[in-house]
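I have placed the structure first, in the form of structure tokens, so that the comments after it can refer back to it.
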Amino acid sequence: MISIVIPVFGGGGNIRELLSRVDQLYLHRGMPTPEIVLIDDCGPQDSWDVLSECCHDRPNTIAIRLMRNFGQHNALMCGFQHATGSIIVTMDDDLQHEPESIPRLVEHLEQTNADVVYGVYDSKKHTGGRNLGSWLVNQFYRIVFRMPVTVTSFRVIRMELVRSILKYNLNFTYIDGLLAWNTQRIEMVSVPHHERADGKSSYTFGKLFGLAMNVFTNFSLLPLQMVSFVGIVAATGGIGLAFWYLFGALFAQVGVPGYASTIVAVLVLGGLQLLSLGIIGEYVGRLHLNVNRKPQYAIRQVIGDAPNRPSPGSLADKETSLEPNQ
């Protein structure tokens, strides 16, 4: 069975159409309709009434209401805990991902024995700032994980891999990084990308830049290594300059100018020190919040949950294998 996990941040105005298109697609193919897991991530507009109605009107649908906004990736982790399908699909609620592309992604997953298949857009319909932020996130992802992959929020994942990442229960969650930590069997398939049906994306360039920094600071020591490298270069340059002035004063009788060289050195080295402290502080701050157990998410209400469904966290404790079923 397939489970489709959809985090909802807006007003949920597109959910009914999205679910209707999913059902029509699978009924047309003569296949059982998939399980749907809807997560209300407490956006600016209340969408819980819409999700509740969808849950009551459609069988095999789960609606989860979080206590507050925890972010898309944390909401997905919550949805993963409640999904039961052998294949998990993640997609947005704004109809920019067309449900009709799901079978292509699933078929590619099964044919290639991949663990993850990303739906990569043939032509993006985002704004310029959103596209720039997405490009930055993907560049950081490729540097950190050394994979020539374009990551998107339209994914198909094997349940075995989902179970392996559920062991991560800290707050600073980046789904694609956790997937890359656990497998190298990652594929891509080109899919259409449509204009938003209504509203505008909550992902600004600033939020995407923060996500890109999350990739670096949560999954790599590269920023700290860069700070060390800059420190070595600055120290080497300072020692070399000191010897230059010393030899100039002793042998060439050259007067050493004071104010200009001093102020330039102070500004440059001071800026490097503040940058270094900022990067180190980012790591220390994350450690502090994780040690204090800042919650990954908190659930207020669940509708449609099966009585025999494993409790949250139990799936993460199972021994899993990433080898595909034969």
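When reading the values below, keep in mind they use all heavy atoms of this one structure, side chains included, and skip hydrogens, waters and symmetry mates.
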Point to revise | Heavy-atom pair of closest approach, residues Ser47 and Asp40 | key: OG-OD1, 3.2 Å
Review point. Among all residues two or more places apart in sequence or in another chain, which pass the side chain to side chain donor-acceptor pair (under 3.5 Å) test with Tyr141?
Key: none
Exercise for review: Determine whether Leu161 and Leu179 make a side-chain contact, defined as any pair of heavy atoms from C-beta on separated by less than 4.5 Å.
Suggested key: yes
Review point. Between the side chain of Asp92 and the main-chain N/O of Asp94, is any donor-acceptor distance below 3.5 Å?
Key: no
Practice item. Output yes when a side-chain donor or acceptor of Asn74 lies under 3.5 Å from a complementary backbone atom of Tyr297, and no otherwise. Key: no
Practice item. Would you kindly say whether Glu160 and Ser164 are connected by a side-chain donor-acceptor distance under 3.5 Å? Key: no
Review point. Short question: side chain of Gln301, backbone of Arg65 - any donor-acceptor pair under 3.5 Å?
Key: no
Review point. Hey, are Asn138 and Thr150 close enough side-chain-wise for a donor-acceptor pair under 3.5 Å?
Key: no
Review point. For the residue pair Val5 and Pro7, what are the closest heavy atoms and their distance?
Key: O-CD, 3.8 Å
Practice item. Answer whether the closest heavy-atom distance between the side chains of Met77 and Leu178 falls below 4.5 Å. Key: yes
Practice item. Output the distance between atom CZ (Arg21) and atom CD (Gln24), rounded to the nearest 0.5 Å. Key: 9.0 Å
Exercise for review: Could you tell me whether His108 and Tyr118 have their ring centroids closer than 6.0 angstrom?
Suggested key: no
Practice item. Please check if Met147 and Val137 belong to a single hydrophobic cluster, counting links between Ile, Leu, Val, Met, Phe, Trp and Tyr side chain heavy atoms closer than 4.5 Å. Key: yes
Exercise for review: Measure across Ile102 and Met91 and return the closest heavy-atom pair with its distance rounded to 0.1 Å.
Suggested key: CD1-SD, 4.0 Å
Practice item. For the pair Ile299 and Met67, evaluate side chain to side chain contact (heavy atoms under 4.5 Å, CB included) and give the outcome as yes or no after the intermediate values. Key: CA-CA 6 Å; Ile299 297 175; Met67 297 285 286; 6.0 Å; no
Exercise for review: Answer whether the closest heavy-atom distance between the side chains of Phe80 and Ile175 falls below 4.5 Å.
Suggested key: yes
Point to revise | Aromatic ring pairing Trp181/Tyr168, orientation class (parallel under 30°, perpendicular over 60°, tilted between) | key: perpendicular
**Study point:** Distance in Å, Arg155 CZ paired with Leu109 CG, rounded so as to fall on 0.5 Å steps
**Key:** 14.0 Å
Practice item. Of all the heavy-atom pairs spanning Ile64 and Val37, show the shortest one and how long it is. Key: CD1-CG1, 3.9 Å
Point to revise | Over 12 non-hydrogen atoms of neighbours within 6.0 angstrom of CD in Glu100 | key: yes
Check your understanding: Does the side chain of Ile6 reach to within under 4.5 Å of the side chain of Leu18, using non-hydrogen atoms?
Key -> yes
**Study point:** Verify same cluster id: Met31, Leu27 (apolar side-chain graph, 4.5 Å)
**Key:** no
Practice item. Flag yes if Ile88 and Met1 sit in one hydrophobic cluster, no otherwise; membership is Ile, Leu, Val, Met, Phe, Trp, Tyr, and two members link when side-chain heavy atoms are under 4.5 Å apart. Key: no
Check your understanding: Between Tyr121 and His97, does a ring-ring contact (aromatic ring centres under 6.0 Å, His included) hold up when you go through it step by step?
Key -> CA-CA 9 Å; Tyr121 315 132; His97 302 156; 5.6 Å; yes
Review point. Backbone N or O of Pro59 within a donor-acceptor pair of the Thr61 side chain at under 3.5 Å?
Key: yes
Review point. What pair of heavy atoms forms the shortest contact from Arg16 to Val50, and how long is it?
Key: NH1-CG1, 3.8 Å
Practice item. Would you check, one step at a time, whether the test side-chain hydrogen bond (donor to acceptor under 3.5 Å, both in side chains) holds for Thr33 with Asp23? Key: CA-CA 6 Å; Thr33 55; Asp23 290 342; 4.5 Å; no
Practice item. Determine yes or no for a side-chain-to-main-chain donor-acceptor pair under 3.5 angstrom, with Thr90 supplying the side chain and Ser153 the backbone. Key: yes
Review point. Counting only N and O atoms by type, is there a donor-acceptor contact under 3.5 Å from the side chain of Asp41 to the main-chain atoms of Val8?
Key: no
**Study point:** Non-hydrogen side-chain atoms of Glu187 and Val116 separated by less than 4.5 Å
**Key:** no
Exercise for review: Could you pull out all residues at least two apart from Asp122 that satisfy side chain to side chain contact (heavy atoms under 4.5 Å, CB included)?
Suggested key: Ser190, Pro192
Check your understanding: Under a 4.5 Å cut-off applied to non-hydrogen side-chain atoms, are Glu98 and Val191 in contact?
Key -> no
Study note, to complete from the structure: With sequence neighbours left out, the residues meeting side chain to side chain contact (heavy atoms under 4.5 Å, CB included) with Ile2 are Ile4, Tyr26, Pro34, Ile87, Val89, Val106
Check your understanding: In Å and rounded to the nearest 0.5 Å, what is the CG to NE2 distance from Asp176 to His73?
Key -> 6.0 Å
Check your understanding: Hey, does the side chain of Arg185 reach the backbone of Ala114 with a donor-acceptor pair shorter than 3.5 angstrom?
Key -> no
Exercise for review: Work out which heavy atom in His82 is nearest to a heavy atom in Val302; give both atom names and the distance.
Suggested key: NE2-CG2, 4.2 Å
Practice item. Could you tell me whether the side chain of Leu19 reaches within less than 4.5 Å of the side chain of Cys54, counting heavy atoms only? Key: yes
Point to revise | Charged tip of Arg68 within 45° of Phe70 ring normal and under 6.0 Å | key: yes
Exercise for review: To the nearest 0.5 Å, tell me how far Arg158 CZ sits from Asn113 CG.
Suggested key: 6.0 Å
Point to revise | Sub-4.5 Å side-chain heavy-atom contact between Ile36 and Asn60 | key: no
